[in-house]
Amino acid sequence: MFRREVKSLAEVLQNFLRQEGLETPLQQKRLIDAWEKVTGPTVVRYTGDKFIKNQTLHVKITNPALRQDLSMMRSQLVKRLNAEVGAMVIADIHIF
């Protein structure tokens, strides 16, 4: 008889995503979806387009006062968003 290497389904799926180059886009999508949970419904009401480019999350905020407040909280938002996803997906946030 021979022994088989038994792996969990989560481990197999993680390896597949990594091999196919799908891990990073999936994490980026999760991070963008986590924006509402991390910032709350008030901020989401004034949030427009969101996208990630070169490890920077770009977020359009329509309220100037809120835009200024969020700009001062950038480092905290980066930490909270990355923690929500469980990986270092972004290094900075650009709020415009």
Side-chain angles (χ1 to χ4, degrees):
M1 288 185 71
F2 60 92
R3 288 188 155 203
R4 294 183 186 194
E5 185 179 338
V6 179
K7 294 183 181 181
S8 68
L9 182 57
E11 189 178 347
V12 171
L13 185 58
Q14 183 73 19
N15 288 337
F16 173 76
L17 291 173
R18 187 171 291 136
Q19 288 173 353
E20 297 299 317
L22 300 172
E23 183 179 38
T24 301
L26 181 61
Q27 288 176 338
Q28 289 177 348
K29 172 73 170 115
R30 286 180 181 160
L31 187 127
I32 289 172
D33 291 345
W35 176 260
E36 182 175 354
K37 183 176 179 182
V38 169
T39 59
T42 305
V43 174
V44 171
R45 190 176 320 135
Y46 297 104
T47 300
D49 297 334
K50 302 179 295 273
F51 63 93
I52 297 174
K53 184 175 181 182
N54 297 331
Q55 288 190 323
T56 301
L57 175 63
H58 298 267
V59 181
K60 181 178 177 84
I61 301 293
T62 58
N63 183 313
L66 182 60
R67 185 181 318 130
Q68 182 64 30
D69 288 346
L70 291 175
S71 292
M72 289 188 277
M73 296 174 46
R74 280 189 354 232
S75 62
Q76 292 174 344
L77 286 171
V78 168
K79 288 178 187 174
R80 290 173 62 192
L81 286 165
N82 283 330
E84 186 69 31
V85 175
M88 178 67 177
V89 178
I90 59 170
D92 196 13
I93 297 178
H94 177 246
I95 299 173
F96 60 99

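These numbers come from a predicted model, not from an experiment.
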Do any N or O atoms from the side chain of Thr62 and from the backbone of Tyr46 form a donor-acceptor pair under 3.5 angstrom? yes

Under 4.5 Å between side-chain heavy atoms, counting indirect links through other Ile/Leu/Val/Met/Phe/Trp/Tyr residues: same cluster for Leu26 and Ile32 or not? no

How far does CG of Asp33 sit from CD of Glu84, to the nearest 0.5 angstrom? 10.5 Å

Run the numbers on Asp92 and Arg74 for side-chain contact (heavy atoms from CB on, under 4.5 Å), then give the verdict. CA-CA 7 Å; Asp92 196 13; Arg74 280 189 354 232; 3.3 Å; yes

Does the pair Phe96 and Val59 meet the rule for a side-chain contact (heavy atoms from CB on, under 4.5 Å), with working shown? CA-CA 6 Å; Phe96 60 99; Val59 181; 5.7 Å; no

Can you tell me how the ring of His58 sits relative to the ring of Phe51, calling it parallel under 30°, perpendicular over 60° and tilted otherwise? parallel

Rounded to the nearest 0.5 Å, how far apart are CZ of Arg80 and OG of Ser75? 11.5 Å

Is it the case that the side chain of Arg30 and the backbone of Val85 share a donor-acceptor pair, with hydrogens and angles ignored and the cut-off at 3.5 Å? no

Nearest-0.5 Å distance that lies between atom OG1 in Thr47 and atom CZ in Arg45: 10.5 Å

For a side-chain contact (heavy atoms from CB on, under 4.5 Å) check, start with the C-alpha distance between Lys7 and Asn15, then their side-chain angles and the critical distance, and finish with the verdict. CA-CA 11 Å; Lys7 294 183 181 181; Asn15 288 337; 4.0 Å; yes

Hey, is the main chain of Thr56 close enough, under 3.5 Å, to the side chain of Asn54 for a donor-acceptor pair? no

Exercise: identify the closest heavy-atom pair between Ile90 and Val78: O-CG1, 3.8 Å

Rounded distance (nearest 0.5 Å) linking atom CG of Leu70 with atom CD of Gln76: 10.5 Å

Residues Ala91 and Met88: closest non-hydrogen pair is CA-CE, 4.0 Å

Could you check whether any side-chain N or O of Asn82 sits under 3.5 Å from a backbone N or O of Val89, counting only pairs where one atom can act as donor and the other as acceptor? yes

May I ask you to test the Leu77-Leu57 pair for a side-chain heavy-atom distance under 4.5 Å? no

Please report the interatomic distance NZ(Lys50) to CD1(Ile61), rounded to the nearest 0.5 Å. 8.5 Å

Quick one: do Val43 and Val38 satisfy side-chain contact (heavy atoms from CB on, under 4.5 Å)? Show the steps, please. CA-CA 10 Å; Val43 174; Val38 169; over 6 Å; no

